[in-house]
Number of protein chains: 2
Amino acid sequence: MESQDLRSAGLKVTGPRLKMLELLENTHGRHLTAEAIYRQLIEAGEEIGLATVYRVLTQFEAAGLVTRHHFEGGQAVFELERGPHHDHIVCIRCGRVEEFYDEAIEKRQRAIAEKLGFKLHDHTLTLYGECSRPGCQRQNSES
Amino acid sequence: MESQDLRSAGLKVTGPRLKMLELLENTHGRHLTAEAIYRQLIEAGEEIGLATVYRVLTQFEAAGLVTRHHFEGGQAVFELERGPHHDHIVCIRCGRVEEFYDEAIEKRQRAIAEKLGFKLHDHTLTLYGECSRPGCQRQNSES
DNA sequence: CTTTGAATTGAGAATGCTTGTCATTCCGTA
DNA sequence: TACGGAATGACAAGCATTCTCAATTCAAAG
C-alpha cells in the first residue's frame, strides 16, 4: 500500500499525497508535468491545489520517490523512481520519452570525472531525436 | 573582426551585437548567464537592455554562434560556439564548468538512438560533482 | 553624404512556471 | 476524543524570459 511508502519516507499520510502517488504509479512509464498531475486530479474530481502538487513533488523528490527532469521546454517533468538508474531519449516531435541504460556510458562518465578531479555526484544525459512511431505528430498536451 | 562573423551569420552589424560577441570572445572557456552578460556590459559603461541581451543571444543561438545550456538552477548559460562538440562537468559547490569530449560515449549514443528507432538530432550530457580546486567554495555570482 | 524603409533597440509590461504566505483543515499521538 | 504541529488551498509574489511599441540605428541607394 502506498501509505507505507509515504511513512517510510518520513512523510505524513495525507489525501493529496496518496492521490498523487497513486496517479504516478498508475501512469507507468510516463513523465508528467506538475500541471498535468494537477489537471488529472481535478478532472478525477479531487480537490487539490497546484501549489500542493508542486510542494508534494518537491518532497517526493527529496525523499527519493520521484525524479525531476528538465527536458527542453519550460516545464519540469516528474517520474516515479522505480528500479535502477536510467537516462532518456525524447522525441522532439511528439514528446514521447523512452528510457535506456548503458553501462559503457556510465563507466566512461566515472572515468572522465575522476580524470578531471571531480567527485561525481550525479549526471543528466538526454538524447533528442525523431521517433519512428506511426502516430508521431506534434501532439503535446496530455490530458 | 567580429563584424564579419555577424554578417556571415546573416545578422546586421549593430553595437549591442558587437559588444556581446566581444565579451563572449574575451571570456574564454566561460559560461555566462544573460544576466551576467548584461551586468558586465552595464559596468563597462555600455548602454544596453536586458531584453536585447536575451534577444541577441537567441539570434546567436539560431545562427549557431552560441550554445545555450540548462544546467541546474533556473538560469540558462550561454557559451560561444568554438571548435568541436563537447559535453560538460559542473562543480556543484563553486559552479566551475569543465568541458570534455569522449568518442566512446558519442558512439554509444548513436547506437542507442538507432536501436530505439530514433533519428538522433542532439543530446545533452552534464556531469555534476565536486571539483578539487583549492579555492572551491560556494562562490556564485560572477561579476 | 543625405535619404529612407526596415530592422533593431530599450524600457517596462506581460508571461509562464514555480515558490511563498497565511488562515483553515487535517493527521496522529496522548 | 482533544490537541499541537504539519499540511493544505487560494492567491500573491518571485524569477527568468519574452513581448510590445515608440524611438533609434543600420545600410542600401540616390
Side-chain angles (χ1 to χ4, degrees), chain A residues 1-21 23 31-39 41-42 44-63 65-66 68-78 95 140-142, chain B residues 1-21 23 31-39 41-42 44-63 65-66 68-78 95 140-142:
Chain A
M1 183 149 299
E2 289 94 359
S3 6
Q4 205 42 52
D5 296 329
L6 289 176
R7 244 183 278 275
S8 52
L11 296 171
K12 244 191 213 176
V13 178
T14 69
R17 300 217 255 244
L18 277 175
K19 295 298 178 196
M20 286 178 58
L21 244 194
L23 192 159
H31 299 72
L32 299 171
T33 63
E35 185 87 30
I37 292 171
Y38 171 69
R39 271 192 287 111
L41 289 177
I42 289 296
E46 300 301 329
E47 189 168 275
I48 196 170
L50 184 53
T52 302
V53 172
Y54 275 105
R55 238 177 336 218
V56 170
L57 283 171
T58 301
Q59 294 160 345
F60 281 4
E61 186 189 20
L65 289 174
V66 306
R68 182 193 308 247
H69 300 290
H70 292 281
F71 299 150
E72 58 184 28
Q75 297 169 78
V77 299
F78 297 84
N140 34 5
S141 68
E142 33 194 301
Chain B
M1 184 149 299
E2 289 94 358
S3 5
Q4 206 40 55
D5 297 328
L6 288 176
R7 245 182 277 275
S8 52
L11 295 171
K12 240 192 214 174
V13 178
T14 68
R17 300 217 255 242
L18 277 175
K19 295 299 177 194
M20 285 179 58
L21 244 195
L23 192 158
H31 299 73
L32 298 171
T33 63
E35 185 88 30
I37 292 170
Y38 172 69
R39 272 192 286 111
L41 289 177
I42 289 294
E46 300 301 331
E47 190 169 272
I48 196 170
L50 184 54
T52 301
V53 173
Y54 274 105
R55 238 179 333 220
V56 171
L57 283 172
T58 302
Q59 294 161 346
F60 282 5
E61 186 190 19
L65 290 175
V66 306
R68 182 193 306 248
H69 300 290
H70 292 282
F71 299 150
E72 58 184 28
Q75 297 169 78
V77 299
F78 297 83
N140 34 4
S141 67
E142 35 194 298

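Proteins get letters first, then strands, A, B, ... in listed order; numbering begins at 1 in each.
A 4.0 Å heavy-atom criterion places the boundary nucleotides of DNA chain C facing chain B at C:dA7 to C:dG12, written 5' to 3'. For DNA chain D, the outermost nucleotides in 5' to 3' order that have an atom under 4.0 Å from a heavy atom of chain A are D:dG5 to D:dC11.
Residue contacts for B:Glu35: at a heavy-atom cut-off of 4.0 Å it reaches no nucleic acid atom on any strand shown. In this structure, A:Thr14 reaches the sugar-phosphate backbone alone: every heavy-atom distance under 4.0 Å involves primed, P, OP1 or OP2 atoms, never a base. Contact annotation for A:Ala76: backbone-only contact, meaning every heavy-atom pair under 4.0 Å involves sugar-phosphate atoms and none involves a base. Backbone-only engagement by B:Arg17 is indicated by non-hydrogen atom pairs under 4.0 Å involving sugar-phosphate atoms exclusively.
Enclosure of atom CD in A:Glu46 by more than 12 non-hydrogen atoms of other residues, nucleotides or ligands within 6.0 angstrom is indicated. Annotation for B:Glu47: atom CD does not count as buried by contact number, only 12 or fewer foreign heavy atoms lying within 6.0 Å.
Side-chain contact check for B:Thr58 versus B:Arg68: some heavy-atom pair is nearer than 4.5 Å. Counting heavy atoms from C-beta outward, B:Gln59 and B:Leu11 have side chains that approach closer than 4.5 Å. The shortest side-chain heavy-atom distance between A:Val56 and A:Thr14 does not fall under the 4.5 Å cut-off. By the 4.5 Å heavy-atom criterion applied to side chains, B:His70 and A:His70 are not counted as neighbours.
Ranked by how close their nearest DNA chain D nucleotide is to the 5' end, A:Leu11 and B:Gly74 are led by A:Leu11. A residue-by-residue look at B:Arg55 and A:Val53 shows that A:Val53 has its nearest nucleotide of DNA chain D further toward the 5' end. Remark on DNA chain C: of its neighbouring residues B:Lys12 and B:Leu50, the 5'-side contact belongs to B:Lys12, judged by nearest-heavy-atom nucleotide.
Within the structure, side-chain hydrogen bond (donor to acceptor under 3.5 Å, both in side chains) pairs that include any residue of residues 1-10 of chain A do not occur (at least two apart or interchain).
Judged by distance alone, the side chains of A:Arg55 and A:Thr52 do bring a donor and an acceptor atom under 3.5 Å apart.
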